[in-house]
Amino acid sequence: MAKRIHNFNAGPAVLPLPVLEEAQEHLVDFHGQGHSLMEMSHRGKTYDAVHTQTIADMREVMHISDDYEVIFMQGGASLQFAAVPLNLAPAGGKVLYADTGSWSTKAMQEASKLGYAMQQVAGSGDAEYTYIPTIDAARLDKDAAYLHITSNNTIRGTQYHSWPATGDLPLVADMSSDINCRVVDIDKFGLIYAGAQKNMGPSGVTIVIMRKELLARSPKNIPSLTNYATIAGKQSLYNTPPTFAIYLIGLVLKWIAGQGGLPAIEKTNRQKAAKLYALIDGTDFYRGTARVEDRSLMNVTFRLPSEDLEKRFVAEATEADMIGLKGHRSVGGCRASIYNASSLADVEALVDFMGEFERRNG
Ligand SMILES: Cc1ncc(COP(=O)(O)O)c(C=O)c1O
């Protein structure tokens with residue numbers, strides 16, 4: 001059996017082993033066809049079945065109603081920073097953002113660069129993005145095109161645990177790092193987007209789930225590959241889609257269903273996070289960086305007493321087959337990303353290692 005280490009990478013990140021094994025089994029000869037899925041036309045019957053089934057499985061696993069379109073795009077979540085305003089707002093129109101860290105900031109910069117009237121309605125930059133700010137829904141400008149939030153802040157380790165009630169104003173969420181980590185009521189959102197490479201599959205494909213009625217907003221004069229209406233109109237086959245990545249998303253969705261669906265995934269994720277946070281809260285050696293009530297189920301960020309100890313921690317963890325524990329280069333410290341495919345056993349191994357590291361160095 002292949003050696004598998006404990007992978008706490010922030011993304012691209014660990015994928016479920018059964019998914020990789022199934023892909024491997026059919027890599028060279030896709031279900032008796034004598035060639036790989038990667039070598040097939042995206043217009044052929046075989047790929048078409050994979051594509052259609054993946055969308056159907058996403059609808060089923062995530063309880064996405066017929067009021068919503070499911071689209072596959074490329075360009076990562078970063079392209080969505082431009083696509084969202086280009087499609088949803090009139091040229092120069094008013095757009096609302098909550099700034100909860102680097103990825104929100106980047107989304108805001110992109111919209112500003114394109115000439116939209118940026119209004120920051122909430123932010124946590126005053127305290128190094130260690131918390132999720134309250135959004136006063138009653139005071140939101142109803143003339144704006146939408147409100148954009150980043151549901152999980154991969155770098156800072158914070159996450160929304162309730163959603164702002166925006167009424168008729170579409171709520172747009174970048175869910176790149178927490179999509180499918182828990183049960184989410186899709187109906188609360190106008191649009192959700194996520195790069196696949198944390199909880200959904202490999203990099204190279206971005207998922208967009210949007211209210212069908214919003215498709216009418218897409219202007220004709222924006223680039224076709226950013227145009228939701230164009231891509232939705234062609235069932236995400238306007239141009240060559242990342243076929244293999246979409247196939248892998250399908251396998252990940254089947255794996256989620258096999259685990260008992262999102263309620264079961266959420267339960268395990270809560271257990272995993274609780275174990276890690278309990279260790280961090282029970283000592284002065286490790287210090288969590290995010291406000292307790294806003295902590296992320298997916299990215300657990302913490303500091304050690306000194307940068308030297310942090311370096312040693314990451315190095316010794318790597319020696320012990322635990323990778324990806326270095327914090328993002330922009331903030332330092334340590335971070336354990338515990339996405340869906342990271343198991344309770346992976347987290348228990350990390351908790352044991354952290355306890356033992358403290359005993360030796362505390
Ligand atoms: C919350 C969030 N948004 C956006 C991005 C950027 O994604 P991409 O590299 O797919 O453009 C990331 C990457 O880690 C992220 O964590």
Side-chain angles (χ1 to χ4, degrees), residues 7-15 71-86 97-111 113-114 122-125 129-133 146-161 163 171-182 184 189 191-209 223 225-226 241-242 245-246 248-249 252 269 289-290 294-301 323-331 333 335-342:
N7 182 348
F8 299 105
N9 279 336
V14 59
L15 285 165
I71 311 175
F72 298 124
M73 292 175 74
Q74 299 185 59
S78 300
L79 188 68
Q80 296 305 315
F81 297 165
V84 165
L86 282 171
Y97 281 71
D99 182 19
T100 51
S102 316
W103 297 115
S104 317
T105 313
K106 284 210 166 94
M108 293 167 73
Q109 285 166 347
E110 198 73 358
K113 204 168 76 183
L114 290 166
S124 47
Y129 299 113
T130 49
Y131 70 101
I132 296 293
Y146 59 83
L147 166 66
H148 179 284
I149 62 170
T150 310
S151 58
N152 183 73
N153 298 282
T154 328
I155 296 176
R156 299 288 181 170
T158 60
Q159 186 176 30
Y160 284 80
H161 295 295
W163 309 116
L171 179 61
V172 174
D174 173 359
M175 286 198 188
S176 293
S177 52
D178 67 348
I179 191 162
N180 283 352
C181 85
R182 56 186 166 180
V184 164
F189 296 86
L191 187 148
I192 293 167
Y193 65 88
Q197 65 268 22
K198 291 130 178 10
N199 259 348
M200 293 290 282
S203 59
V205 57
T206 312
I207 293 122
V208 177
I209 301 162
L225 284 180
T226 62
I246 290 170
L248 284 180
I249 288 181
V252 169
N269 282 337
T289 59
D294 300 327
R295 293 195 292 208
S296 169
L297 291 172
M298 295 282 96
N299 308 101
V300 177
T301 51
I323 62 159
L325 292 165
K326 194 164 180 282
H328 191 268
R329 61 190 180 283
S330 61
V331 297
R335 169 178 57 180
S337 296
I338 49 173
Y339 298 119
N340 290 351
S342 139

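Counting starts at 1 for both ligands and their atoms, following the listed order.
Between the side chains of Gln80 and Asp174, no donor N or O sits under 3.5 Å from an acceptor N or O. Remark: the Asn199 side chain and the Asp178 side chain contain no N/O donor-acceptor pair separated by less than 3.5 Å.
When each of Asn153, Asn152, Thr105 is checked for a side chain to side chain donor-acceptor pair (under 3.5 Å) with Thr100, only Asn153 meets the rule.
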Between ligand 1 and the protein, find all N/O pairs closer than 3.5 Å and give the distance for each.
from, atom 1, to, atom 2, distance (Å)
ligand 1, 3 (N), Asp174, OD2, 2.6
ligand 1, 10 (O), Ala77, N, 3.0
ligand 1, 10 (O), Gln197, NE2, 2.9
ligand 1, 11 (O), Ala77, N, 3.2
ligand 1, 11 (O), Ser78, N, 2.9
ligand 1, 11 (O), Ser78, OG, 2.6
ligand 1, 14 (O), Lys198, NZ, 2.8
ligand 1, 16 (O), Trp103, NE1, 3.3
ligand 1, 16 (O), Thr154, OG1, 2.5

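Scanning for ring-ring contact (aromatic ring centres under 6.0 Å, His included) contacts around Tyr160 gives an empty result, with sequence neighbours left out. A search for side chain to side chain donor-acceptor pair (under 3.5 Å) contacts involving Thr206 returns nothing, not counting sequence neighbours. Arg295 is linked by a salt bridge (charged side-chain N to carboxylate O under 4.0 Å, His left out) to Asp281, counting only residues two or more places apart in sequence or in another chain.
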